[in-house]
Structure formats: structure tokens, C-alpha cells
K.L.:
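Dumping the structure here so I can ask a few things about it.
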Amino acid sequence: MTKYVPYIRTEQGYIERKDYAIFNAYGSVSPYVHKEALAGWPEPMVFWDHPAGASVGLAPLPSAGNEESAELDLNHKQ
């Protein structure tokens, strides 16, 4: 199980973190397969549903092994 926090990216590239909606996910969170490194945010990476432009994203919350299991979950379903 991986805990995620949602992110929103506008068409102009503005990113907003929605920390009131942290949730757990088991298995794949497809279609969130477009990985992007984050700088200046609590999470080091986010997975977007679209590679560019307006998009919703999921970022695995940092914890022991959480990011690695999230990547495995995403790669398993691709």
C-alpha cells in the first residue's frame, strides 16, 4: 500500500498540492504514468495523467520504501 497526495498542474504550468486529500492505494494508479521530479515540495516526484499541460497528478508520500513501491506499482501496469 502506498499513500499519495494529489497535485494539480494548470495549462500554464502552475502546480498546486492538495494535502487535504491524502489517500491510500493498492496496486496500480494508472493512468498516472508520466513521472516528473519536484523541487521545493514535500514529495520528490509526482506522476501526472498527462505529460504536459493541465493535469492531475499523484505524489507518493515520503516514507520508508513508499516511493519505490509506487514506482513498481506504476510500472507493473504499463
K.L.:
Going from CG on L38 to CZ on R17, what distance comes out if it is rounded to the nearest 0.5 angstrom?
P.N.:
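Between atom CG of L38 and atom CZ of R17 there are 10.0 Å.
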K.L.:
Might you point out which heavy atoms bring E16 and W41 nearest each other, and give the distance in Å?
P.N.:
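For E16 and W41, the tightest heavy-atom pair comes out as CA-CH2, 4.3 Å.
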K.L.:
Considering only heavy atoms from C-beta outward, does the side chain of K3 approach that of F23 to under 4.5 Å?
P.N.:
no
K.L.:
Are the side chain of S55 and the backbone N or O of D49 linked by a donor-acceptor pair below 3.5 Å?
P.N.:
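The answer is yes, because a donor-acceptor pair under 3.5 Å joins these two groups.
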K.L.:
When you look at I22 and L61, which way does the side chain to side chain contact (heavy atoms under 4.5 Å, CB included) test go after all the steps?
P.N.:
CA-CA 9 Å; I22 294 170; L61 287 173; 3.4 Å; yes
K.L.:
Taking atom types as modelled, find out whether E43 and Y4 have a side-chain donor-acceptor pair closer than 3.5 angstrom.
P.N.:
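No, Y4 and E43 have no side-chain donor paired with an acceptor closer than 3.5 Å.
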K.L.:
V56 vs Y32, test: side chain to side chain contact (heavy atoms under 4.5 Å, CB included). Steps then yes/no.
P.N.:
CA-CA 8 Å; V56 173; Y32 303 94; 4.0 Å; yes
K.L.:
Would you check if K18 and V5 make a side-chain contact, meaning some heavy-atom pair closer than 4.5 Å?
P.N.:
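Contact flag for K18/V5 side chains = no.
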K.L.:
Is there a side-chain contact between F47 and P60 in this structure, where contact means two heavy atoms from C-beta onward sitting under 4.5 Å apart?
P.N.:
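When only atoms from C-beta onward are counted, P60 and F47 do touch, with a gap below 4.5 Å.
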K.L.:
Check R9 with E36, please: is the shortest side-chain N to carboxylate O separation under 4.0 Å?
P.N.:
yes
K.L.:
Answer whether the closest heavy-atom distance between the side chains of P62 and P42 falls below 4.5 Å.
P.N.:
no
K.L.:
About how many Å separate OG1 of T10 and CD1 of I15, when rounded to the nearest 0.5 Å?
P.N.:
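Going from the CD1 atom of I15 to the OG1 atom of T10 covers 8.5 Å.
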